[in-house]
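Take a look at the structure below.
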Amino acid sequence: MYVILGGAHNGKRKYAEKLIEQLPAKELIVCEGHLAKLENINENERYIISNFEQMILPLLHEPEEKAAQQIFEQIIQIAERAELFCICTDTSRGVVPLEKDTRQLRDTCGRLYQKLCNEAHTVIRVWYGIPQILKGDSHGQN
């Protein structure tokens, strides 16, 4: 699993697409704000999953750790069946929101991203279009 993270509009998707072009061809499936159904996933596919905030919103009534763990477990099941790129928007560097729900959304994303980065074989931060490899390498090797 690849995790590509950075601020909004910092070139994460462009970098992911450039990286994917260098890999052997597979069918590319993009999931924005939702996860693919497990029964439809196979090893000949490559997934880009992004907009995790939309996945978390319906779970705001749950404790942060429980909501993050629930989404994380589903993502791991996808990663076990297909090649996976997670594009994560880092919201931790801004002002802490005053509204409880917005703050909980931000914090739950942070908890989920910690889990994803820990599990990923490759973690790349893209800031202003410049990639920085934090874990592994751009070819998925540890």
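Numbering of residues begins at 1 and proceeds along the displayed sequence.
Donor-acceptor pairing under 3.5 Å is lacking for the side chains of Tyr15 and Glu17. Looking at Glu73 and Gln77, their side chains never bring a donor and an acceptor atom within 3.5 Å of each other.
Qualifying ring-ring contact (aromatic ring centres under 6.0 Å, His included) partners for Phe85, counting only residues two or more places apart in sequence or in other chains: Tyr2. For Asn40, the side chain to side chain contact (heavy atoms under 4.5 Å, CB included) partners two or more places apart in sequence, or in a different chain, are Lys37. By the side chain to side chain contact (heavy atoms under 4.5 Å, CB included) test, Lys66 is found to be paired with Glu62, Pro63, residues two or more places apart in sequence or in another chain being considered.
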Per-pair distances, 0.1 Å, donor-acceptor, side chain in residues 123-131, under 3.5 Å, sequence neighbours excluded:
from: Arg125; atom 1: NE; to: Gln132; atom 2: OE1; distance (Å): 3.2
from: Arg125; atom 1: NH2; to: Gln132; atom 2: OE1; distance (Å): 2.7

Scan the side chains in residues 49-57 for donor-acceptor partners under 3.5 Å anywhere in the protein, sequence neighbours excluded, and list what turns up.
from: Ser50; atom 1: OG; to: Arg13; atom 2: NH2; distance (Å): 2.9
from: Ser50; atom 1: OG; to: Glu32; atom 2: OE1; distance (Å): 3.0
from: Ser50; atom 1: OG; to: Glu32; atom 2: OE2; distance (Å): 3.2

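The shortest side-chain heavy-atom distance between Tyr47 and Val30 does not fall under the 4.5 Å cut-off.
Residues Ile20 and Leu116 do not share a hydrophobic cluster, defined by chaining ILVMFWY side chains whose heavy atoms lie under 4.5 Å apart. Leu134 and Leu19 are assigned to two separate hydrophobic clusters, defined by single-linkage of ILVMFWY side chains at heavy-atom distances under 4.5 Å. In the hydrophobic clustering of this structure, Tyr113 groups with Leu35; members are Ile, Leu, Val, Met, Phe, Trp, Tyr whose side-chain heavy atoms approach within less than 4.5 Å, directly or through other members.
The minimum heavy-atom distance linking Leu5 with Cys117 is given by the pair CD2-SG, 3.5 Å. Contact detail for Ile4 and Ala16: the closest heavy-atom pair is CD1-CB, 3.5 Å. What you find for Ala120 and Val3 is that their closest heavy atoms are CB-CG2, 3.6 Å. In terms of heavy atoms, Cys86 sits closest to Met1 at SG-SD, 3.8 Å. In terms of heavy atoms, Thr89 sits closest to Ala8 at CG2-N, 3.8 Å.
Between atom NE2 of residue His121 and atom CG of residue Asp137 there is a gap of 9.5 Å, rounded to the nearest 0.5 Å. For the atom pair SG of Cys109 and CG of Asp90, the computed distance is 10.0 Å after rounding to the nearest 0.5 Å. Separation of atoms CG (Leu28) and CD (Glu83) is listed at 9.5 Å; rounding is to 0.5 Å. Separating the CD1 atom in Ile29 from the CD1 atom in Ile48 is a distance of 10.5 Å, to the nearest 0.5 Å. Rounding to the nearest 0.5 angstrom, the gap separating the CD atom in Gln69 from the CD atom in Gln74 is 11.0 Å.
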Item checked: Arg81 and Leu38: CA distance, side-chain angles, deciding distance, side chain to side chain contact (heavy atoms under 4.5 Å, CB included) verdict -> CA-CA 8 Å; Arg81 299 174 189 205; Leu38 291 175; 3.6 Å; yes

Check: Going through the checks in order, is the side chain to side chain contact (heavy atoms under 4.5 Å, CB included) test met by Leu23 and Arg46?
Finding: CA-CA 10 Å; Leu23 298 173; Arg46 179 175 288 131; 3.5 Å; yes

Item checked: Test side chain to side chain contact (heavy atoms under 4.5 Å, CB included) applied to Thr91 and Leu105, step by step -> CA-CA 10 Å; Thr91 59; Leu105 176 63; over 6 Å; no

Checklist line | Worked verdict on Lys115 versus Glu65 for salt bridge (Lys or Arg N to Asp or Glu O under 4.0 Å) | finding: CA-CA 10 Å; Lys115 293 173 184 301; Glu65 182 61 35; 2.5 Å; yes

Item checked: salt bridge (Lys or Arg N to Asp or Glu O under 4.0 Å) assessment of Glu45 paired with Lys26 -> CA-CA 5 Å; Glu45 297 171 331; Lys26 289 186 179 185; over 6 Å; no

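Enclosure of atom NE2 in His9 is not indicated, since only 12 or fewer non-hydrogen atoms of other residues, nucleotides or ligands lie within 6.0 angstrom. Atom CD of Glu39 sits in a crowded spot, with more than 12 heavy atoms from other residues, nucleotides or ligands closer than 6.0 Å.
A salt bridge is defined here as a Lys NZ or Arg NE, NH1 or NH2 lying under 4.0 Å from an Asp or Glu carboxylate O, and Lys135 with Glu119 fails to meet this definition.
For residues 99-110, the set of pairs meeting the side-chain hydrogen bond (donor to acceptor under 3.5 Å, both in side chains) definition, not counting sequence neighbours, is empty.
Remark: side-chain polar atoms of Lys12 are paired, donor with acceptor, to backbone N or O of Gly7 under 3.5 angstrom.
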